[in-house]
Structure formats: structure tokens, C-alpha cells
Novice: 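Just dropping this structure here.
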Amino acid sequence: MKRIILASNSPRRKELLAGLGIPFEVRVMEGIDESYPLDLPTLQTAEYIACKKACAYRQTMGMDELVITADTIVVVDNVVLGKPKDEADARRMLHLLSGRTHQVVTGVAMTTQSEQQRFSVQTDVTFKVLTDEEIDYYVETCHPMDKAGAYGIQEWIGYIGVTALKGSYYNVMGLPVQRIYEMLKRFKSFDGSDFLRTFAANSVI
């Protein structure tokens, strides 16, 4: 078994990957350029950035390591919403999402020194019409500056605002763990039976 490295400081991604019951380490590299070509199709943006992060980590990863990099974006009207710059920007984004369906896309790259598996997962999320008071309360209480689209579905705004969801809930949180689990089983660097035994040994029943 290779050592699994989660290249993210997100508490949500750590929690989700831990839910698979497999051992992993967290490694964070600062200063990675997350820009992307402006003519890139919007639904490919997250995967492009995840691969860009993987390139930065590949320069220093060991032969016994598998690094998971990820990026999550929100798309509405074919426009990419990243993390808000400030509270005013967060309010602007939530007004854009209010009463509409948008897409949450997480791109993932799973990389070793010899191979890479990469993919994107998309989830459609529908919000009710949010009032100004609801948006103000959420921004002032939860401070969603570190979240794409200025919201976390697992927080208050998700409880009161989300009326429909098509796809993976965990993808909206920031990591499509079901797909990662399936890809780990197929990864050439792993023996499938060994992976499942490790999974079972580390799972809490």
C-alpha cells in the first residue's frame, strides 16, 4: 500500500476522507498558482486546477506516496464562482444563487510518480428564494469566506435554503468520496484485495 496524502487544509475534506476508514496524512503547500485559462469550459475548471495543484506536489512526492488534490467551484449562468473576497462579495454570490439551480463541480487528481487518475463530479443544487435577512444572517454568523459560492451546504443556509439536490451531497461539501473510493480500488499502484482489507481493518463499526 502506498501512503495516501491529502493535499488540502480543508477541515471538510479531512472529515470526508477520514470517513472512508483508511489512513492518510495531510500535506499543505502554500503559494500554488490556481489561475486557469479564461477560454476553458467552465465545467472543466475545477479539474484543471486540481491537476495544477498535483503538478506542484509531484515535484516533491516520494515513490511510495499517492497524493489527492481537489478543487471545488460553483457555476451559475456559465460563470464560475470561487471563494468570496469579502462579505459584500459573499452576499452578491448568494443573491445570484437565490431561487435558482446551480452546479457544484469538484475536480480531483490522484497522483503518484508513475500515474495519475483525474475526474470531475457535478451536483445540481437548487435554492429557494433567499431573503436579504437570511443572507445577512448567514454571512454574519458563518463567515463563508473559505467556501466556493459563499456557502456550505452542511451549514445553516443549507438547512433552510436547499430545496433540491441531484447528485452527490458529499461532492457539494468538497470531496466526492464515493468516486475516490472506487478509483482507489482500480488504481494500478494498489492491490484491490489489500486495499479492501486495509479499509475493513480501519473502519469503525
Novice: Considering non-hydrogen atoms only, spot the tightest contact between L94 and A150 and give its length.
Specialist: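 Scanning both residues completely, I find the closest heavy atoms to be CD2-O, 3.7 Å.
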
Novice: Strictly below 4.0 Å, N to O, side chains only: are D146 and R12 in salt-bridge contact?
Specialist: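 R12 and D146: salt-bridged.
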
Novice: Is the shortest heavy-atom distance from the side chain of T111 to the side chain of L66 under 4.5 Å?
Specialist: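 Contact flag for T111/L66 side chains = no.
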
Novice: Decide whether V80 and V74 are clustered together by the hydrophobic rule: side chain heavy atoms of Ile, Leu, Val, Met, Phe, Trp, Tyr closer than 4.5 Å, transitively.
Specialist: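 No.
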
Novice: What distance do C51 atom SG and D71 atom CG have between them, rounded to the nearest 0.5 Å?
Specialist: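 Result: 10.5 Å between the selected atoms.
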
Novice: Given 3.5 Å as the limit, does a donor-acceptor pair link the side chain of T45 with the main chain of T42, or not?
Specialist: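 Here the side-chain-to-backbone pair exists.
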
Novice: Once rounded to the nearest 0.5 Å, what's the spacing between atom CD1 of I68 and atom CZ of R27?
Specialist: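 Taking CD1 in I68 and CZ in R27, the distance rounds to 12.5 Å.
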
Novice: Rounded at 0.5 Å granularity, tell me how far CG in L184 sits from CD in Q117.
Specialist: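 Reported value, rounded in 0.5 Å steps: 10.0 Å.
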
Novice: Do NZ/NE/NH1/NH2 and the carboxylate oxygens of E25 and R3 come within less than 4.0 Å?
Specialist: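 Salt bridge present between E25 and R3.
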
Novice: So Y170 and T106, do their side chains get closer than 4.5 Å, heavy atoms only?
Specialist: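 In short, these two side chains do not touch, never coming nearer than 4.5 Å.
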
Novice: With side chains defined as the heavy atoms from C-beta onward, is the minimum distance between E87 and H143 less than 4.5 Å?
Specialist: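 Yes, close enough: below the 4.5 Å cut-off.
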
Novice: Show the nearest heavy-atom pair for residues V121 and N171, with the distance to one decimal.
Specialist: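 In terms of heavy atoms, the two residues are closest at O-ND2, 3.1 Å.
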
Novice: Check the pair E140, R91 against side-chain contact (heavy atoms from CB on, under 4.5 Å), reporting the backbone distance first and the verdict last.
Specialist: CA-CA 10 Å; E140 292 166 7; R91 290 184 175 89; 3.2 Å; yes

Novice: Sort out for me which residue in I153, D124, T101 forms a side chain to side chain contact (heavy atoms under 4.5 Å, CB included) with L165.
Specialist: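 With L165 as partner, I153, D124, T101 yield a single side chain to side chain contact (heavy atoms under 4.5 Å, CB included), made by I153.
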
Novice: Evaluate side chain to side chain donor-acceptor pair (under 3.5 Å) for T72 paired with K147, printing each intermediate quantity in order.
Specialist: CA-CA 9 Å; T72 300; K147 298 175 178 67; over 6 Å; no

Novice: Is I135 reachable from L96 through a run of hydrophobic residues whose side-chain heavy atoms are each under 4.5 Å from the next?
Specialist: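 Both belong to a single hydrophobic cluster.
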
Novice: Is there a side-chain contact between C142 and Y137 (heavy atoms, below 4.5 Å)?
Specialist: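 No, every pair of side-chain atoms sits at 4.5 Å or beyond.
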
Novice: Which pair of non-hydrogen atoms, one from A109 and one from A54, has the smallest distance, and what is that distance?
Specialist: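 Looking at all heavy atoms of both residues, the closest pair is CB-CB, 4.1 Å.
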
Novice: Salt-bridge test for K128 and E134: reply yes if a basic N is under 4.0 Å from a carboxylate O, no otherwise.
Specialist: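 Between E134 and K128 there is a salt bridge, with a charged N closer than 4.0 Å to a carboxylate O.
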
Novice: Check for me, please, whether M173 and V105 land in the same ILVMFWY cluster - side-chain distances under 4.5 Å, paths through other members count.
Specialist: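 As far as the 4.5 Å side-chain criterion goes, V105 and M173 are not connected within one cluster.
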
Novice: Do M145 and K85 come close enough that some side-chain heavy atom pair is under 4.5 Å?
Specialist: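 Side chain of M145 against side chain of K85, heavy atoms only: no contact under 4.5 Å found.
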
Novice: A quick test of your reading: do over 12 heavy atoms of other residues, nucleotides or ligands sit less than 6.0 Å from CZ of R118?
Specialist: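 No.
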
Novice: May I ask you to decide whether K185 forms a salt bridge with E182, counting only side-chain N to carboxylate O separations under 4.0 Å?
Specialist: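 A salt bridge links K185 with E182.
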
Novice: Indicate, with yes or no, if I32 and Y48 share a hydrophobic cluster defined by side-chain heavy-atom contacts under 4.5 Å among Ile, Leu, Val, Met, Phe, Trp and Tyr.
Specialist: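 In one cluster: no.
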
Novice: Report yes if some heavy atom in the side chain of Y151 is under 4.5 Å from a heavy atom in the side chain of V125; otherwise report no.
Specialist: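 Heavy-atom side-chain distance check passes, below 4.5 Å.
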
Novice: Just how far is it from atom CG of L40 to atom OG of S35, taken to the nearest 0.5 Å?
Specialist: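 Those atoms lie 11.0 Å apart.
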
Novice: Please give me the minimum heavy-atom distance between I49 and E34, naming the atom from each residue.
Specialist: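 Scanning both residues completely, I find the closest heavy atoms to be CD1-O, 3.6 Å.
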
Novice: Can you tell me how far the CD1 atom of I5 sits from the OG1 atom of T112, to the nearest 0.5 Å?
Specialist: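 If I round to the nearest 0.5 Å, the distance is 12.5 Å.
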
Novice: Say whether, by atom type as modelled, one donor and one acceptor occur between the side chain of Y57 and the main chain of M29 under 3.5 angstrom.
Specialist: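 Answer holds: yes.
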
Novice: Inspect the contact between R58 and E65 and indicate whether a charged nitrogen and a carboxylate oxygen are less than 4.0 angstrom apart.
Specialist: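 R58 and E65: not salt-bridged.
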
Novice: Can you get from M63 to M61 by hopping between Ile, Leu, Val, Met, Phe, Trp and Tyr side chains that sit under 4.5 Å apart?
Specialist: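 No; M61 is not reachable from M63 via cluster members.
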
Novice: Given 3.5 Å as the limit, does a donor-acceptor pair link the side chain of K14 with the main chain of V26, or not?
Specialist: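 The answer is no, because no donor-acceptor pair under 3.5 Å joins these two groups.
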
Novice: Looking at A50 and T69, what are the two nearest heavy atoms and their distance?
Specialist: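 Reported closest heavy-atom pair: O-OG1, 2.8 Å.
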
Novice: Identify the heavy atoms of R179 and F119 that sit nearest to each other, and give their distance.
Specialist: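 In this case the closest contact between R179 and F119 is CG-CE1, 3.2 Å.
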
Novice: Distance check, rounded to the nearest 0.5 Å: L175 atom CG versus E15 atom CD?
Specialist: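 Rounded to the nearest 0.5 Å, the CG-CD separation comes to 11.0 Å.
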
Novice: Do L81 and V76 have side chains that get closer than 4.5 Å, going by heavy atoms?
Specialist: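 Side-chain contact under 4.5 Å: yes.
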
Novice: Set out, in order, the CA-CA distance, both residues' side-chain angles and the distance that settles side-chain contact (heavy atoms from CB on, under 4.5 Å) for K52 and Y36, then state yes or no.
Specialist: CA-CA 9 Å; K52 201 169 185 181; Y36 55 89; over 6 Å; no

Novice: Measuring only between side-chain heavy atoms, which start at C-beta, is V75 closer than 4.5 Å to I73?
Specialist: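 Of all side-chain heavy-atom pairs linking I73 with V75, at least one is under 4.5 Å.
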
Novice: Determine, for F127 and R100, whether the Lys NZ or Arg CZ falls below 6.0 Å from the six-membered ring centre while staying within 45 degrees of the axis.
Specialist: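 The answer is no, since R100 fails at least one limit relative to F127.
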
Novice: Using a strict 4.0 Å threshold on nitrogen-to-oxygen distance, state whether D89 and K83 make a salt bridge.
Specialist: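 A salt bridge is absent here (no side-chain N lies under 4.0 Å from a carboxylate O).
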
Novice: When you look at V104 and Q122, which way does the side-chain contact (heavy atoms from CB on, under 4.5 Å) test go after all the steps?
Specialist: CA-CA 6 Å; V104 179; Q122 176 180 317; over 6 Å; no

